[in-house]
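Reading through the C-alpha cells given below for one structure.
So that the names make sense, note that chain A is the first sequence line, chain B the second, and so on, each numbered from 1.
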There are 2 protein chains.
Amino acid sequence: MISSELLKGSLKTIVLKLLEENGRMYGYEITRRVEEITKGKIVLTYGALYPVLHKLEKEGVLHVESENYNNRMRIYYSLTSKGRSVVKEKVQEMTEFLKSIRFIIDPEFKISYE
Amino acid sequence: MISSELLKGSLKTIVLKLLEENGRMYGYEITRRVEEITKGKIVLTYGALYPVLHKLEKEGVLHVESENYNNRMRIYYSLTSKGRSVVKEKVQEMTEFLKSIRFIIDPEFKISYE
DNA sequence: TGTAATATATAAGAATCTTAAATATAATAA
DNA sequence: TTATTATATTTAAGATTCTTATATATTACA
C-alpha cells in the first residue's frame with residue numbers, strides 16, 4: 001500500500017475526477033472505487049475524505065443530495081458547473097506534475113521523451 | 001507552476017533521487033536542478049527544503065560535508081548506505097503511486113495498459 | 001553604488017492528514 | 001440467536017508538512 005504521505009495534496013483531484021467520470025457518488029462508494037481501481041494500493045481514510053467533501057461543497061464545487069437507501073443514509077455528491085471547470089484545471093495540473101516527477105524519478109524517460 | 005499542494009509528500013523522494021543520480025549536492029543546487037529539470041514547473045522553497053535535509057541527516061539517510069567555496073558556505077549532502085536503500089524504496093513507492101494516479105486520472109491509460 | 005544571485009537558517013502559522021471514537025443499520029456466519 | 005462483518009457518516013485531537021517571512025552574509029554585475 002502506498003504511504004499516506006504521497007497522497008497528501010492529490011485527494012481532491014482524485015475525488016473530483018471520479019465524480020466527473022461517474023456522475024454522482026457517495027463517500028463510502030468513493031473509497032471503494034479508489035481501492036478497486038488501484039487494486040488496494042490507494043486507500044482513502046474517512047477522516048480525510050469526508051472533511052474534503054464538506055469543504056468542496058462549501059466552495060461550491062460539489063452539489064449534495066441526501067437519500068435513504070435501505071434505511072441507510074447516503075449522501076450523493078456531484079459536480080456543479082464550477083466543479084466541472086475546477087476538475088479540468090486539477091487534472092491538467094496533475095498531468096503536469098506526473099510528467100515533472102517522472103523527469104526526476106526516471107531520467108531515462110526524459111531522454112526518450114525529448 | 002505546479003501548486004505546492006501536490007508537492008506535499010514527494011519532496012523527500014525528489015531530493016533523495018537527485019542525490020542518487022548526482023552523488024553529492026548542496027541545498028541551493030538542488031532547488032536549481034529541480035527547476036531546470038522540470039522547466040520551472042516545480043519550485044522548491046528553502047523553508048521546506050532545508051528542514052527536510054536536516055531531518056534526513058538526523059535519520060541517518062544523508063551524510064554531510066561543509067565546505068567553503070569563494071567565502072560562501074556550502075553544505076554538501078550525499079546518501080549513506082542506509083540512504084541508498086531508502087531511495088530505492090521511495091522510488092518504487094512513487095512509481096506505484098504514479099501508476100495508480102494515472103489509472104484514476106486517465107482511464108484510457110488503464111484500458112491500454114491492462 | 002545598488003541590485004541580483006548565491007547560500008543557509010528558522011520561527012510562526014496554515015493546511016492537510018491520521019488516528020480514534022461515536023453512531024446506526026443490514027447481512028451473513030456460527 | 002448471536003456475533004461479526006459490511007455499510008455509511010461524523011468529528012475531535014494530534015502529527016506532519018509546507019508556506020511565508022525574516023535574518024544573515026558574500027560575490028557578481030550593471
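- When rounded to the nearest whole Å, the span between CD of E65(A) and C1' of dT9(D) equals 17 Å.
- Residues from residues 20-33 of chain B lying near DNA chain C, meaning a heavy-atom separation below 4.0 Å, are Y26(B), G27(B), Y28(B), R32(B) in numerical order.
- The OH-C1' distance, from Y46(A) to dA24(C), rounds to 15 Å in whole Å.
- A side-chain N or O of R74(B) and one of Y26(B) form a donor-acceptor pair less than 3.5 Å apart.
- In this structure, I75(A) atom CD1 and dT25(C) atom P are separated by 16 Å, rounded to whole Å.
- Checking dA15(C), dT8(C), dC17(C) against every side-chain atom of K8(A), the shortest atom distance belongs to dC17(C).
- Counting heavy atoms from C-beta on, the side chains of T38(B) and V43(B) never come closer than 4.5 Å.
- M73(B) has its CE atom 18 Å from the P atom of dA23(D), to the nearest Å.
- Across all non-hydrogen atoms, the minimal contact from I105(B) to K17(A) is O-CE, 3.1 Å.
- Using a 4.5 Å heavy-atom cutoff, the side chains of I75(A) and M73(A) are in contact.
- Looking at the side chain of T45(A), the nearest of the listed nucleotides dT20(D), dT8(C), dT18(C) is dT18(C).
- The side-chain heavy atoms of K8(B) and L6(A), taken from C-beta on, include no pair separated by under 4.5 Å.
- Closest of all the heavy-atom pairs between S100(B) and I42(A) is CB-CD1, 3.7 Å.
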Please list, pair by pair, any protein nitrogen or oxygen found under 3.5 Å from a nitrogen or oxygen in nucleotides 26-30 of chain D.
{"from": "dT26(D)", "atom 1": "O2", "to": "R72(B)", "atom 2": "NE", "distance (Å)": "3.3"}
{"from": "dT26(D)", "atom 1": "O2", "to": "R72(B)", "atom 2": "NH2", "distance (Å)": "3.1"}
{"from": "dT27(D)", "atom 1": "OP1", "to": "N71(B)", "atom 2": "ND2", "distance (Å)": "2.8"}
{"from": "dT27(D)", "atom 1": "O4'", "to": "R72(B)", "atom 2": "NH2", "distance (Å)": "2.6"}

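- Only G47(B), Y50(B), P51(B), H54(B), listed by number, bring a heavy atom of residues 47-57 of chain B to less than 4.0 angstrom from any atom of DNA chain C.
- Within the 4.5 Å cutoff, side-chain heavy atoms of F97(B) are placed close to those of L7(A).
- Between E67(B) atom CD and dA7(C) atom P the separation is 12 Å, expressed in whole Å.
- A salt bridge is absent between R32(A) and E29(A): the closest approach of a Lys/Arg side-chain nitrogen to an acidic carboxylate oxygen does not fall below 4.0 angstrom.
- Atom CG of L44(A) is separated from atom P of dT7(D) by 15 Å (rounded to the nearest Å).
- The interatomic distance linking L7(B) (CG) with dT20(D) (C1') rounds to 16 Å, in whole Å.
- By the 4.5 Å heavy-atom criterion applied to side chains, E89(A) and S85(A) are counted as neighbours.
- Going from atom NZ of K58(A) over to atom C1' of dT16(C) covers 15 Å, rounded to whole Å.
- When all heavy atoms of L49(B) and G27(B) are compared, the closest pair comes out as CD2-O, 3.2 Å.
- Of the charged side-chain nitrogens involved, at least one lies within less than 4.0 Å of a carboxylate oxygen, so that E67(B) and R24(B) count as a salt-bridged pair.
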